[in-house]
Amino acid sequence: MRFTSLVIELIRARPRLIVWIAVLLQALMWLFVALVFYRSPPGSLATLLAFGREYQVGTDLGPPLPVWLADIAYRLAGGHMFGVYVLSQLCEIATFIALYHLSRAVVGSQQAVLAVLLTMTVLAFSSSALDFGPLVLARPLWALLLLHSWQIIGQRRGNAWFAWSIEAGLLLLTTPAAVFLLLLLVVFALSTAGGRRTLRALDPLFALIVVAVLALPYAAWLMRAETPVLPTLPQVAELNARALHAAWLLGGLVLGAAAIPALSFLNAGLFVGKGEEAPIIYRPPVEPLARSFVYFFALAPALGAVLISGLLGLETVVGGAGVVLVMSGLAVVVAAGDLIAMRRARMLRTVWAAAVVAPAVGVVLAVLFLPWTGANEVATSMPARAISDFFDESFARRTNHRLRAVAGETQLASLITLHSGRPHLFIDADPARTPWINQTKFAETGGVVVWRASDTAGTPPPEILKRFPGIVPEVPRAFEWLVTGRQGLLRIGWAIVRPKGS
């Protein structure tokens with residue numbers, strides 16, 4: 001009897017089970033990393049939560065939905081970051097499940113598993129798994145939009161219009177790149193006979209009304225905003241530099257998807273001995289419209305985002321790499337043919353698992369060993385809970401008032417706002433970013449001003465002294481990192497602005 005691995009047989013017999021197992025294991029892996037090795041939020045997540053507790057219709061962080069959801073998750077978890085980490089992983093799970101259903105409609109259940117597994121390697125390297133924000137929330141919404149767009153255009157299911165309209169409206173409330181992504185859907189619909197036939201009905205009009213109602217509050221905020229929304233176009237002399245920048249962004253996307261060509265190369269017939277029969281993953285023939293749909297949304301978002309980002313000089317790809325590359329795995333599976341031979345299955349499993357686990361292992365190694373090199377500090381090793389508790393209790397003891405606002409260095413101030421009292425964040429260097437509080441209100445309510453201490457006296461930086469001329473610095477407070485290594489203690493200078501009348 002010819003031996004076939006259990007994984008291959010499960011892909012053939014229980015494809016949905018394989019997808020759920022892989023996706024849930026990845027989510028549990030990242031939750032374990034966060035709970036064990038993260039003492040403070042990654043990236044700008046603390047600032048996002050500080051903005052979220054204000055429930056503004058719009059901020060300079062973008063549309064309000066990610067900010068609101070992050071705050072809701074944080075509150076539901078009892079003021080613990082675990083709720084936000086779970087929300088991030090729920091977005092990951094929803095992305096892959098939506099992609100599986102889309103892939104199943106195009107290439108069948110068995111090859112849909114391969115599409116999801118390949119896409120997991122892409123998103124593992126190209127996007128953050130725990131830094132919740134617009135780039136994370138946009139992924140499941142875009143995957144669901146693609147699923148329902150195919151149901152509308154390819155399968156002629158008119159009942160999918162309602163879900164499509166809700167997802168489109170929520171995407172507009174999630175990321176500024178939503179306009180670009182929705183425009184791509186319109187372009188594809190107008191360029192195909194099936195899409196044009198779909199647009200002739202009344203359903204698109206009703207869907208447009210729902211989208212407009214959902215996006216109306218944020219659109220009104222944009223029209224009333226005083227600051228410009230779009231970056232300025234480059235001068236002619238800057239075009240060469242912008243083109244080089246776009247090439248670097250494109251290279252970053254290719255590098256993020258490097259695991260797919262590596263797995264494809266290892267699965268080639270070059271490594272198979274004569275007479276060896278590899279197990280086959282079968283699919284029904286892919287119709288031409290489905291093939292065009294997959295290729296278009298695998299290439300157009302990535303190339304268009306790189307072009308826009310390079311032209312405007314943006315540091316990252318518009319919409320995020322996790323959004324523009326979400327169809328890459330399915331595109332490779334469609335191009336592979338109706339019969340995909342799984343050669344050297346054990347090696348393929350090992351390389352795939354290494355690609356999925358490698359980013360988490362990199363995070364753990366950075367936390368444990370980077371402090372011993374004396375290099376840059378690891379931001380997630382800051383003791384966020386100890387920092388917020390100390391300044392909240394110190395303010396309460398000195399003034400007999402609850403801490404209501406924090407100013408100074410934004411990163412440190414954002415960590416203090418995570419305390420259960422949830423004080424306001426005041427970005428004194430740019431007060432327009434925090435319209436819910438200003439210099440006058442901060443002086444009335446009082447608060448804490450914090451900065452990185454450069455000496456034992458805790459002398460404030462000149463720019464902070466200029467904005468708060470009357471502050472009296474306290475003795476700096478030292479905090480230990482998760483792993484101290486060769487780094488010194490985290491020393492935070494601080495001063496109290498007493499509430500008026502206290």
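Fair warning: this is a prediction, and the values are worked out from it, not measured in the lab.
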For [X] and [Y], does a side-chain donor sit closer than 3.5 Å to a side-chain acceptor?
X: Asp338; Y: Tyr282; result: no
X: Arg53; Y: His424; result: yes
X: Thr121; Y: Trp352; result: no

Give me the atom names and distance for the closest heavy-atom approach of [X] to [Y].
X: Ala124; Y: Ala355; value: CB-O, 4.0 Å
X: Leu199; Y: Ala189; value: CD1-CB, 3.9 Å
X: Leu182; Y: Ala168; value: CD2-CB, 4.0 Å
X: Val306; Y: Ala246; value: CG1-O, 3.3 Å
X: Val318; Y: Ser309; value: N-OG, 2.8 Å
X: Ala413; Y: Ala407; value: CB-O, 4.0 Å

Strictly distance-based, threshold 3.5 Å: is any side-chain N or O of [X] a donor or acceptor partner for the main-chain N or O of [Y]?
X: Arg283; Y: Gly337; result: yes
X: Thr192; Y: Gly195; result: yes
X: Arg139; Y: Val323; result: no
X: Ser40; Y: Ala379; result: yes
X: Gln89; Y: Leu31; result: no
X: Thr175; Y: Ala177; result: yes
X: His148; Y: Leu144; result: yes

Take Trp161 and Phe206, measure what side-chain contact (heavy atoms from CB on, under 4.5 Å) needs, and give me the verdict at the end.
CA-CA 9 Å; Trp161 272 111; Phe206 294 125; over 6 Å; no
Just verifying a value: how many Å separate [X] [atom1] and [Y] [atom2], rounded to the nearest 0.5 Å?
X: Asp131; Y: Leu48; atom1: CG; atom2: CG; result: 8.0 Å
X: Leu135; Y: Thr316; atom1: CG; atom2: OG1; result: 6.5 Å
X: Leu312; Y: His245; atom1: CG; atom2: NE2; result: 9.5 Å
X: Gln151; Y: His101; atom1: CD; atom2: NE2; result: 9.5 Å
X: Leu172; Y: Leu214; atom1: CG; atom2: CG; result: 8.5 Å
X: Thr198; Y: Leu190; atom1: OG1; atom2: CG; result: 11.0 Å

Over 12 foreign heavy atoms within 6.0 Å of CH2, Trp436:
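Counting other residues, nucleotides and ligands, CH2 of Trp436 exceeds 12 neighbours.
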Answer yes or no: are there more than 12 heavy-atom neighbours, outside Arg14 itself, under 6.0 Å from its atom CZ?
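No, the 6.0 Å shell around CZ holds no more than 12 heavy atoms from other groups.
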Close side-chain approach of [X] and [Y], heavy atoms under 4.5 Å:
X: Val363; Y: Trp30; answer: yes
X: Ile153; Y: Leu289; answer: yes
X: Trp68; Y: Phe51; answer: no
X: Glu409; Y: Leu412; answer: yes
X: Pro42; Y: Tyr85; answer: yes
X: Arg156; Y: Ile152; answer: no
X: Ile72; Y: Tyr55; answer: yes
X: Phe297; Y: Val326; answer: no

Below 4.0 angstrom, N of the basic side chain to O of the carboxylate: do Glu377 and Arg452 qualify?
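Between Arg452 and Glu377 there is a salt bridge, with a charged N closer than 4.0 Å to a carboxylate O.
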May I ask you to say whether Arg433 pairs ionically with Asp428, meaning some side-chain N is under 4.0 Å from a carboxylate O?
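Answer for the salt bridge query: no.
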Quick one: sort the Tyr218 and Trp221 rings into parallel, tilted or perpendicular, breaks at 30° and 60°.
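Tyr218 vs Trp221 ring planes: parallel.
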Leu181 vs Leu145, test: side-chain contact (heavy atoms from CB on, under 4.5 Å). Steps then yes/no.
CA-CA 10 Å; Leu181 298 173; Leu145 260 178; over 6 Å; no
Would you check, one step at a time, whether the test side-chain contact (heavy atoms from CB on, under 4.5 Å) holds for Tyr74 with Leu418?
CA-CA 9 Å; Tyr74 186 75; Leu418 296 178; 3.6 Å; yes
With side-chain contact (heavy atoms from CB on, under 4.5 Å) as the criterion, how do Arg422 and Asp71 come out once you've worked through the C-alpha distance, each side chain's angles and the decisive distance to 0.1 Å?
CA-CA 11 Å; Arg422 303 298 300 278; Asp71 183 73; 3.0 Å; yes
With ring pair (Phe, Tyr, Trp, His ring centres under 6.0 Å) as the test, would you mind laying out the steps for Phe96 and Tyr100 before giving the verdict?
CA-CA 6 Å; Phe96 293 123; Tyr100 170 72; over 10 Å; no
